[in-house]
There are 2 protein chains.
Amino acid sequence: MLKDLDPLLLNQIRLGVMSLLVSLKEAEFNYLREELKCTAGNLSAQLQKLKDAGYIDIEKTFKNNYPLTTCRITKKGLEAFRRHFEHLKSYKPFK
Amino acid sequence: MLKDLDPLLLNQIRLGVMSLLVSLKEAEFNYLREELKCTAGNLSAQLQKLKDAGYIDIEKTFKNNYPLTTCRITKKGLEAFRRHFEHLKSYKPFK
DNA sequence: TAAAGTAGTTTAAAATATAAACCAAATTTT
DNA sequence: AAAATTTGGTTTATATTTTAAACTACTTTA
């Protein structure tokens, strides 16, 4: 029960990224950075972890000559996110 | 919004302790340890953090000659827990 | 009374998170 | 057209957190 929570989703920034990507399907690096009010370095590190876990895809392109990093949630990531919340829902205050 | 999540409740063991104490109002150390399937050392450390934050009270007595540690949630802890979940609920999958 | 068990705490190492320093290229200022 | 500044990130070094293992203190059993 309690140990079924996804360790990757017990971090504020990673949880925030996943949450936003669930609704948005796609988000740019600086949008996430601003929305989550975190440093670029921290965001960069956490995105890498989500990518390593196969929870998100990261696409690197250019926009107006500047590098642009775009993130999307994967099927695996979506499932992990839903599972995580199913477990959270089993807590008393939700019943 | 996202940054309103309580850092203390983003740890699995602390979240588990709080969750159990919300329903039980009182729990012994070894009950928590077994329920949460964690080592005693880890539990001891996390309980201390919850106590330092004023989220739980820890009472130390003796039972059958052995030390007995009993935990209860505080008003402050209950409020923090509820607040944390209110914020979680605002995530899309809950809507 | 020696060995094993109970109930935890302390510690030290491993994992994680974070800010600060850095990089490459683009743009703006002087 | 240099020099300085900005953009969009990544890398790294430090600080924090987590965790298992070692330890304390006492009790029970053999």
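So that the names make sense, note that chain A is the first sequence line, chain B the second, and so on, each numbered from 1.
Contact check on A:K75 versus A:E79 returns a salt bridge, with a Lys/Arg side-chain nitrogen under 4.0 Å from an Asp/Glu carboxylate oxygen.
Reading DNA chain C from its 5' end, the first and the last nucleotide to sit under 4.0 Å from a heavy atom of chain B are C:dG5 to C:dT10.
Heavy atoms of other residues, nucleotides or ligands lying less than 6.0 angstrom from CD of A:E34 number 12 at most.
Using modelled atom types, no side-chain atom of A:N64 and backbone atom of A:Y66 make a donor-acceptor pair closer than 3.5 Å. Looking at B:T70, its side chain never comes within 3.5 Å of a backbone N or O of B:A27 through a donor-acceptor pair.
When every heavy atom of A:G54 is checked against every heavy atom of A:T74, the shortest pair comes out as O-OG1, 2.5 Å.
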Nucleic acid footprint by protein, nucleotides 4-19 of chain D - heavy-atom cut-off 4.0 Å, B for base, S for sugar-phosphate alone = ---SSSBB-----SBB
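Checked against side chain to side chain contact (heavy atoms under 4.5 Å, CB included), B:K25 has no partners two or more places apart in sequence or in another chain.
Residues B:L68 and B:V17 do not share a hydrophobic cluster, defined by chaining ILVMFWY side chains whose heavy atoms lie under 4.5 Å apart.
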